[in-house]
Amino acid sequence: MLGWLRGVVSALDASAFRSVLAHRSALLNPLLSAVSYFGAFAWIGLALVLGLLRPNRWPGVYQVILAIGLASLLTDVVVKPLVGRHRPYIDHPDIVLLAGRPGDASFPSSHAANSFAGAYALARVFPEFRAAFWTLAILVAFSRVYVGVHYPLDVVAGVVIGLLAGAFVVGGTPRQPS
């Protein structure tokens, strides 16, 4: 029974992946290709720059870095090696990639995890920019499917891991005043 369910979920995931690729736009390709590279170091860099602009919020910047580090650890060191899912371009060699070919496993998306951990923690520390953080995190996560390097469920799992990592690290820390 579990094998049948896994097959159905995998088929739906591949179908959703193909649907996203079928609706690519020449107008959006450069933007989403560029956003796709916004990973852990970019989020940490963003936190550091904002910390320099608002030095009284440095404790929160440390939390952002810890949240992203935890999300990276969970995705890259724990879950990816356990699951070992092939990248879509391996299973579907006919697709055109709009980004480089990552060599690690596909599930879960580290970029999605890092983005949502970063957005969660940054939104707590710099609430005046929360809409921008969440918008960027959503764009990064979607872009990973759009450029052809992740299946949708890889991204969904990355989002969940990122939110959990952000919530764990930030915990009951009070929000910063806006």
Side-chain angles (χ1 to χ4, degrees), residues 9 13 16-17 20 31-85 87-88 99-100 102-147 149-178:
V9 169
D13 201 23
F17 172 76
V20 170
L31 170 69
L32 290 175
S33 293
V35 168
S36 175
Y37 289 102
F38 202 89
F41 292 117
W43 283 99
I44 290 170
L46 177 60
L48 292 172
V49 167
L50 290 171
L52 291 173
L53 297 174
R54 302 261 168 73
N56 62 323
R57 299 189 190 176
W58 272 107
V61 171
Y62 297 133
Q63 286 182 320
V64 172
I65 294 168
L66 287 172
I68 292 168
L70 179 58
S72 291
L73 179 72
L74 291 172
T75 56
D76 293 335
V77 178
V78 177
V79 182
K80 280 188 184 201
L82 284 174
V83 176
R85 184 179 194 186
R87 293 279 180 168
D104 59 350
S106 188
F107 184 92
S109 168
S110 298
H111 280 77
N114 294 330
S115 293
F116 275 78
Y120 185 96
L122 279 167
R124 295 289 294 229
V125 181
F126 301 98
E128 62 272 30
F129 303 120
R130 70 180 166 266
F133 300 143
W134 289 114
T135 301
L136 181 57
I138 290 166
L139 283 172
V140 170
F142 175 74
S143 76
R144 301 304 287 170
V145 177
Y146 188 90
V147 301
V149 296
H150 279 291
Y151 289 105
L153 285 179
D154 301 342
V155 169
V156 170
V159 167
V160 170
I161 290 170
L163 290 173
L164 291 173
F168 178 79
V169 170
V170 172
T173 306
R175 292 177 190 252
Q176 292 292 323
S178 25

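Along the sequence shown, residues carry numbers from 1. Note: hydrogens, waters and symmetry copies are ignored here, and every other heavy atom, side chains too, is used.
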To the closest 0.5 Å, what do you measure between [atom1] ([X]) and [atom2] ([Y])?
X    : Y    : atom1 : atom2 : answer
W58  : L50  : CH2   : CG    : 9.5 Å
Y146 : S33  : OH    : OG    : 7.5 Å
L139 : F38  : CG    : CZ    : 11.0 Å
W134 : S115 : CH2   : OG    : 10.5 Å
I161 : F116 : CD1   : CZ    : 13.0 Å
I68  : Q63  : CD1   : CD    : 12.0 Å

Please report the closest heavy-atom contact between [X] and [Y], naming both atoms and the distance.
X    : Y    : answer
A113 : A71  : O-CB, 3.7 Å
A141 : A112 : CB-CB, 4.0 Å
S106 : V149 : OG-O, 3.8 Å
A123 : R130 : CB-CB, 3.6 Å
A40  : S72  : CB-OG, 4.2 Å
T75  : S109 : CG2-O, 4.3 Å

Is it true that a side-chain atom of [X] and a backbone atom of [Y] form a donor plus acceptor pair closer than 3.5 Å?
X    : Y    : answer
T135 : A132 : no
D13  : L153 : yes
Y37  : A99  : no

Could you tell me whether the side chain of [Y] reaches within less than 4.5 Å of the side chain of [X], counting heavy atoms only?
X    : Y    : answer
F142 : V155 : no
I65  : W43  : no
S143 : H111 : no
R87  : P102 : yes
L48  : I44  : yes

Side chain to side chain contact (heavy atoms under 4.5 Å, CB included) assessment of L70 paired with L66:
CA-CA 6 Å; L70 179 58; L66 287 172; over 6 Å; no
Taking 4.0 angstrom as the limit, do R144 and D154 come out as a salt bridge?
no
